[in-house]
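Order of the sequence lines fixes the chain letters, A, B, ..., with proteins taken first and strands second; residue numbering starts at 1 for each chain.
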Amino acid sequence: MAVTKRRGYVPQDIEPKWQRVWAERGVLVADDASDRPKHYNLVMFPYPSGELHMGHMRNYVIGDLVSRFRRMQGMEVLNPFGWDAFGMPAENAAIKVGKHPRELTLGNIAIAKRQLAMMGVLYDWSREVATCLPDYYRWTQALFLLFWERGLAYRRLAPVNWCPFDKTVLANEQVINGRCWRCDNLVEKKDLEQWFLKITDYADRLLDDLELLRGTWPEKVRVMQANWIGRSHGAEVDFEAETGDAIRIYTTRPDTLFGATFMVLAPEHPLVERVTTDAQRSEVRAYVERARRETEIERLSTEREKTGVFTGAYATNPVNGERIPIWIADYVLMGYGTGAIMAVPGHDERDFEFAKKFALEIREVIAPPSGPVGELSTAYVDKVGSLVNSGRFDGLPPEVAIPKITQWLAEQGKGEGVTRYRLRDWLISRQRYWGCPIPMVHCEACGIVPVPDAELPVELPPENKPLAENPEWYTVPCPSCGRSARRETDTMDTFIDSAWYFLRFTSAHDREEPFDPELANHWMAVDQYTGGIEHAILHLLYSRFFEKVLHDAGMVEPVEPFMRLFTQGMVKRNGQVMSKSLGNGVAPDDLVKREGADAGRIYEMFIGPPDEDAEWTVSAVAGPVRFLHRVWRLVLEPERIERSPAALSPSDEVLRRRTHQAIRKVTDDYTSFAFNTAVSALMELANAMQEHVAGGGELGDTWRESVDALLLLLHPMAPHVTEELWERTGHAGLCADAAWPAYNPAAAADPTITLVVQVGGKVRDRLELPAGLPEADAREAALRSEKVGRALDGKPPRQVVYVPDRLINLVP
RNA sequence: GUCGGCGUGGCGGAACGGUAGACGCGCUGGAUUUAGGAUCCAGUGGCCGAAAGGCCGUGGAGGUUCGAUUCCUCUCGCCGACACCA
């Protein structure tokens with residue numbers, strides 16, 4: 001083996017060199033026309049906020065590892081990257097430092113790009129996109145118009161979540177416990193004309209198609225999405241108020257209709273004013289006023305005691321004609337169902353609590369299997385038992401009564417079965433500057449007019465101020481009649497930008513359409529998508545929605561965009577998530593300077609299971625550093641070069657076995673994202689090689705095979721050092737281009753095994769025996785053991801359990 | 001409250017129902033070195049013991065099994081998501 005002159009491992013000397021070579025040779029530039037099997041490997045693109053730290057890097061290192069691994073396995077890998085570059089933080093930061101958001105954003109992109117490169121992370125940069133650039137957002141606008149044409153974009157007056165700090169509207173999903181997801185300020189309610197995307201039209205498919213992702217998406221994420229969509233089946237029922245108004249309620253428990261002893265309307269319910277009696281009016285108004293002023297967070301607290309007020313009015317229960325009082329209470333939400341409920345205190349905890357507080361009747365209509373309780377001390381909410389006090393439905397189990405009563409209501413014209421969702425339409429209007437303008441014009445004569453495709457993009461003006469404050473920009477001729485009109489000044493939620501970027505990557509520079517359907521169909525769906533759990537709901541749900549709409553529009557075949565999803569855990573330091581604001585991030589620059597990119601990458605994979613959070617321990621990086629020094633020495637330093645004898649020496653045999661066992665283990669671990677144990681397996685291989693050398697083993701063909709395997713297996717994790725050693729050991733091409741080593745099961749098989757001998761389930765001895773021993777022989781060998789004899793006390797075992805090549809258990 | 005996830009040495013963590021603690025950090029002892037955050041060898045869960053060996057041990061209590069870190073039931077603790085959705 002030709003070995004270049006020995007020299008210590010100095011990562012800083014070799015890393016930039018190989019980064020340059022990979023870039024020059026276009027390693028990882030995807031070929032649309034390749035006939036190798038395609039593998040679309042994608043990591044969630046980031047918002048370019050400035051310096052990256054090793055917390056961010058975990059995602060990119062995993063992605064890079066997968067790309068390199070799949071490529072060596074012979075796949076044509078598409079591994080693009082881009083920037084989710086619109087958003088309010090850039091706008092706010094820009095104002096603070098007196099720069100333009102574009103300038104700031106592009107500067108941040110340059111920083112991040114350099115940091116990715118110094119970690120040896122490769123992408124097909126020829127496909128780079130930034131959502132804030134016109135050649136991208138032109139197509140975001142085109143897609144918005146497509147949604148509009150398909151009736152999936154609409155505008156309406158809506159009570160919206162308003163963040164007073166960011167001065168914008170937020171989607172429901174962006175309100176966390178009543179606070180803004182970005183700035184954490186309390187969110188207010190406001191009525192505004194807003195743009196929505198009709199994601200509710202796709203609620204069923206978004207829910208049902210989660211089945212297609214069973215086993216390939218984390219169960220946790222599937223459950224979160226299902227809960228978010230929140231489909232429930234129930235019935236809408238009309239209760240007639242004494243004013244003659246029908247009050248429609250929604251219930252999932254029509255079987256409890258006979259137990260409805262009062263009704264509750266949300267304070268915002270439109271019929272509140274109409275039904276309220278004069279005597280109660282001032283009290284009701286005061287309550288409604290108070291509810292309005294209360295913040296979401298106060299109102300939604302379950303801890304809080306129920307409040308409410310009687311309207312003075314009554315309604316008729318359609319199933320039994322009973323007269324029941326109508327109350328107002330803020331525990332009923334206008335935003336769900338019909339904003340009105342029938343209250344069944346006997347079988348609903350909230351209604352029970354309310355009834356107790358206001359001394360309203362509690363009636364038992366579902367008896368548990370043990371029989372009616374009579375006086376209920378708590379709401380009985382289970383659906384087991386049978387109906388009582390429910391007229392001709394008495395005796396039916398709830399599951400049977402539900403469809404029966406629903407059907408009866410429909411026949412009587414008093415209600416119908418309905419399906420409801422927790423999912424709301426997606427509010428996409430934002431009222432600031434740094435976002436994708438909604439390509440619409442408001443004309444007094446023509447109404448809302450879409451900007452013709454030929455006039456796209458609607459470009460942002462240069463001034464960094466809300467579009468609504470920029471008359472020079474928003475005053476335009478109507479595309480339809482030519483008269484002076486006003487551009488839409490809302491921009492789109494940035495989650496739209498990221499809801500289709502994976503499609504744009506398949507033909508990133510297409511000038512005719514958002515993406516080329518043929519190329520999209522070639523590359524889609526994404527084979528492996530990797531990112532943070534924080535996007536479990538929003539980004540993934542919206543992307544799935546877009547994929548389905550574009551599928552329906554005939555633009556792309558797959559109905560799901562991401563075949564496999566992996567969500568990596570966060571990297572913490574001192575118990576807290578690495579973040580800029582906490583100042584506890586580990587900078588890749590420092591790491592590269594000290595330990596080198598490769599050791600950093602290995603440490604990041606070795607730190608723990610990749611789907612779990614991990615604690616960054618500075619001293620522990622030493623392990624990977626030492627490991628790479630050892631690899632370097634092992635590969636370059638042994639100087640005796642001997643010819644392999646015809647037959648393998650015992651040491652060679654062991655080495656060969658360990659090598660093939662490592663090939664199997666590392667291949668499996670990379671495939672199943674068990675990167676931490678893959679590192680262990682590689683360390684074990686290096687230790688085996690070390691033993692071989694120390695024991696005076698031959699450095700012939702077997703040795704060479706081990707060296708090659710070590711470098712190839714290690715390459716996806718530590719690309720620079722392996723590339724350098726690959727070259728120094730006389731290989732012609734790049735390690736990155738080399739084929740993944742083949743696993744030979746015969747070579748990995750152990751000729752002897754350690755048989756664990758148990759007596760009564762306790763380990764008493766371990767015997768070195770040839771593999772594949774028949775039970776009788778194993779038993780004989782076990783019984784010969786002195787320790788076993790002692791444990792058995794001379795008596796023969798009553799039972800013997802034999803697991804070939806592993807264990808024999810003698811039960812006395 | 002509901003739904004998830006997780007509890008294993010001083011630390012990060014391994015372990016198809018079959019040798020608990022792989023691999024690494026740290027630590028202890030030794031060897032070696034003109035350089036490197038060096039390197040090499042041995043040891044390192046607890047208790048008893050000079051040793052051989054033995055006993056205990058995966059948050060806790062039960063259960064299934066020849067055998068349980070792994071499966072089941074209950075329970076405690078931590079973390080996360082959702083949270084008055086009728």
Could you tell me whether [X] contacts a base, only the sugar-phosphate backbone, or nothing, with contacts defined as non-hydrogen atoms closer than 4.0 Å?
X        : value
A:Val811 : sugar-phosphate
A:Glu684 : sugar-phosphate
A:Ile341 : base

Using the [atom1] atom in both, what is the distance from [N] to [M], to the nearest Å?
N      : M      : atom1 : result
B:rC3  : B:rU8  : C1'   : 26 Å
B:rG43 : B:rG10 : C1'   : 16 Å
B:rG18 : B:rC25 : P     : 29 Å

Open item on the list: Taking the ring centre of each residue, are A:Phe627 and A:Phe606 less than 6.0 Å apart?
Closed with: no

Strictly below 4.0 Å: does [X] bring a side-chain N or O up to OP1 or OP2 of [N]?
X        : N      : value
A:Arg594 : B:rG37 : no
A:Lys787 : B:rG53 : yes
A:Arg222 : B:rA81 : no
A:Lys762 : B:rC56 : yes

Taking atom [atom2] of [N] as reference, at what distance in whole Å does atom [atom1] of [X] sit?
X        : N      : atom1 : atom2 : answer
A:Asp613 : B:rC79 : CG    : C1'   : 9 Å
A:His629 : B:rG24 : NE2   : C1'   : 16 Å
A:Tyr331 : B:rA86 : OH    : C1'   : 8 Å
A:Glu219 : B:rC3  : CD    : P     : 15 Å
A:Asn809 : B:rA68 : CG    : P     : 10 Å

- [ ] Using modelled atom types only, decide if a donor and an acceptor are shared between the side chain of A:Asp425 and the backbone of A:Ile199 within a distance under 3.5 Å.
- [x] yes

Task: Parallel, tilted or perpendicular, as decided by the 30° and 60° cut-offs, for the rings of A:His629 and A:Tyr9 - done: perpendicular

- [ ] Return the orientation label for the A:Trp426 and A:Tyr542 ring planes: parallel under 30°, perpendicular over 60°, tilted otherwise.
- [x]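 Aromatic pair A:Trp426/A:Tyr542 classed parallel.
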
Open item on the list: Name the residue from A:Phe675, A:Trp217, A:Phe673 that meets the ring-ring contact (aromatic ring centres under 6.0 Å, His included) definition with A:Phe566.
Closed with: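 For A:Phe566, the ring-ring contact (aromatic ring centres under 6.0 Å, His included) test succeeds with only one of A:Phe675, A:Trp217, A:Phe673, which is A:Phe673.
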
Open item on the list: Please pick, from B:rG37, B:rU19, B:rC23, the nucleotide with the shortest atom-to-atom distance to any side-chain atom of A:Glu595.
Closed with: B:rG37

